[in-house]
Amino acid sequence: MRLTILGGGGFRVPLVYGALLGDRAEGRVSHVTLYDEDPARLTAMTRVLRDQAAAAAVQDAAGDRPAVDAPAVTATGDLDEALRGADFVFSAIRVGGLEGRASDERIALAEGVLGQETVGAGGVAYGLRTVPVARGIARRIARTAPAAWVINFTNPAGLVTEAMAEELGERVIGICDSPVGLGRRIARLLGARPQDAWIDYVGLNHLGWVRGLRIGGRDELPRLLADTEALESFEEGRLFGAEWLRSLGAIPNEYLHYYYFNRDTVRAYQEAKQTRGAFLRDQQRGFYAEAGRNGAPAGAALAAWDRTRAEREATYMAENREVAGVGERDGSDLESGGYEKVALALMRAIARDERATLILNVRNGSTLSVLDADAVIEVPCLVDANGAHPVGVEQLPLHAVGLVTAVKAVEREILAAAASGSRADAVKAFALHPLVDSVGVARRLLDGYAAEHPGLSYLR
C-alpha cells in the first residue's frame, strides 16, 4: 500500500513511520510520500525517518528477528505528485505554522479569553484559516486520488473533517488520541486490558465524556468514581478532582478543563512565561535546525527528535496542571493515546477488512438526536472495508447537550464564513463560542487576527 502524509515535514510524522516499521502483516505500507511546502522541514524529517529505519534494522538483528524492509520514503512539494497512486492520505497540515498558533494565543489572552489551539478564540481563528485550505485539498484528492481513504489529523479535527467530508463524504475519517489515552488509563486502573474494555465515549473532538467502561458486560465506571484515591491517581482525575467527576458521573476529556475551569486557566496562561504555541515554536525551530544540519553523524536527527519529543510531552497542559495544583505529569501519563496506532488500526481495518472498534470523528447520521446527520461527532465506531460506522449511544445529559450544540453552532459559522468570506459570519463564530463572552470582544479578536494572518484576507 502507498501512504501519503500531507504536512510531511511535521514533528509527529516519526510516530506514524515508527508504527509502520512495526507492522509485519501482509498488505503493509510499502511506500510513504511526504508532502510539505517547506523544503527544509522535509529534509530534516527525511533524515529522522532514515535514522528510524536504520535503528529498526539493528533492533531486528539484535532480537534475531527476520528483517523487514522499511517503507520507502520520498519527499515532494508538489501536491498532485504526492497524491497520485495513494491508497491512504494522512492530512496533518498546520496553516500558519507554529508562529500562527503563538499569535492565536497572544491575541486572545490580550482580550482576556482563551487562545488554545482548538478551544475558544484560538480554535476559531485556526479554523477560519484552515477550513478553506482543507476544502481545497479535499477537492484535489477527489480529483487526483478518488479511491484513497483520507485520515484527518489536522486540528480542529472534527471541524476540518466535516469540511473535507463536503467533498469526500464517508471516505474522510478524523482521529484523535485523547479519548484513546483516557480510556486506556481508566481500563488499567480497573484492572482490565484496554482491548478487553468497551468505552462508552461521546461528544465532539476535544469535547467528550467517558460515561461508562464495560468489562465483561458490566459497567465498572461507578466503582472508579467511588474510589477517591484511584480517581486522583491519573491525569484527568488530578485535573478535575474526584468531587467534580462524581458530580458529573463521567470522566471528561482533558480539554474540558478549559471549559470547567476557564477563568483559572486564562489567568494561568496570562501569567505564564510563554504560551504553549510560543514554546513549541521556539523548541521546534531548534530541532529542525539541528536535524537538518549537513554533516551530522548517523542517528543524530533521530536523537534530536527523541529529546525534543520527551520535553514536549512532559510540558503538555502545564498551566492546567498548575491550576489544579497537581505539579508535573506522572510518568504513567506521559504515554500518549497513540494516534499513530489508531491510524494504523484504522488503515488495517479498511484495507484488510479486519474489523475493529475505534473512537473516531465521523458523520453523525442518526447517532445523536440533538445534531443533524452531517455533523461530525466523536464516538466509538465499527470499522471494516466499507469505512467507519458510528455505534448507537445513549443521548447526552443536558449539561453536555448545551456545550456540544453551542460548539457545533460555532463550527457551522466557521464553515459558513470560509465559504462566503463574510466578516459577519466570522464575528458570529467568535461571539457564539461559550468561552468568548462579548460581541465587542469578538470583533476585536477578528480585527487582531486579520491584521496578522494573511490566511484571513478572504474575510470582508
Side-chain angles (χ1 to χ4, degrees), residues 15 19 22 157 173-240 242 244-257 329-350 352 354-362 367-368 377-384 388-397 400:
L15 295 173
I173 300 166
I175 68 171
C176 179
D177 60 349
S178 289
V180 178
L182 173 56
R184 182 181 298 149
R185 287 188 282 276
I186 295 173
R188 287 174 177 166
L189 270 173
L190 291 169
R193 297 190 309 165
Q195 60 267 37
D196 295 334
W198 173 264
I199 304 167
D200 177 5
Y201 182 95
V202 64
L204 306 180
N205 179 239
H206 290 179
L207 192 77
W209 298 261
V210 171
R211 304 177 302 173
L213 193 135
R214 290 179 171 79
I215 302 168
R218 177 186 173 91
D219 185 5
E220 299 290 352
L221 187 62
R223 176 161 63 90
L224 175 60
L225 290 171
D227 187 337
T228 298
E229 184 177 351
L231 271 181
E232 296 184 347
S233 69
F234 69 107
E235 178 82 343
E236 288 78 6
R238 288 189 291 270
L239 275 178
F240 294 103
W244 181 238
L245 295 183
R246 278 196 283 268
S247 296
L248 292 174
I251 312 292
N253 183 295
E254 60 199 349
Y255 282 83
L256 274 151
H257 194 267
R329 293 184 81 183
D330 187 87
S332 63
D333 292 324
L334 291 177
E335 179 189 6
S336 72
Y339 89 125
E340 70 284 357
K341 296 174 185 175
V342 179
L344 186 57
L346 177 56
M347 281 200 302
R348 283 174 175 160
I350 293 174
R352 306 170 192 164
E354 294 179 2
R355 298 191 176 192
T357 302
L358 301 167
I359 298 173
L360 301 167
N361 287 268
V362 296
T367 308
L368 288 180
I377 60 175
E378 193 168 73
V379 289
C381 297
L382 298 177
V383 187
D384 57 23
H389 319 284
V391 175
V393 296
E394 294 181 12
Q395 296 306 299
L396 292 162

Could you pull out the closest heavy-atom pair between Leu225 and Leu245, with the gap in Å? CD2-O, 3.9 Å
If I take atom CG from residue Leu207 and atom CD1 from residue Ile377, how far apart are they, to the nearest 0.5 angstrom? 12.5 Å
Lys/Arg-Asp/Glu bridge criterion (N-O < 4.0 Å) met for Arg185, Glu235: no
Say you draw a straight line from CG of Asp196 to CZ of Arg214; how long is it, rounded to the nearest 0.5 Å? 16.0 Å
Ala19 and Leu344: which non-hydrogen atoms are nearest, and at how many Å? O-CD2, 3.5 Å
For Thr228, all residues meeting side chain to side chain contact (heavy atoms under 4.5 Å, CB included), sequence neighbours excluded: Glu232, Ala242, Arg246
Would you name the heavy atoms of Cys381 and Val362 that are closest together and state the gap between them? SG-CG2, 3.6 Å
Heavy atoms, side chains only, cut-off 4.5 Å: are Phe240 and Leu231 in contact? no
Sequence-distant partners of Leu189, side chain to side chain contact (heavy atoms under 4.5 Å, CB included), two or more places apart: Leu224, Ser233, Phe234
Say you draw a straight line from NE2 of His389 to CG of Asp384; how long is it, rounded to the nearest 0.5 Å? 3.5 Å
Of the non-hydrogen atoms in Glu236 and Ile251, which two are nearest, and what is the gap between them? CB-CG2, 4.1 Å
Where Ala187 and Leu213 come nearest, the two heavy atoms and their spacing: N-CD1, 4.0 Å
Which residues pass the side-chain hydrogen bond (donor to acceptor under 3.5 Å, both in side chains) test with Asp219, sequence neighbours left out? none
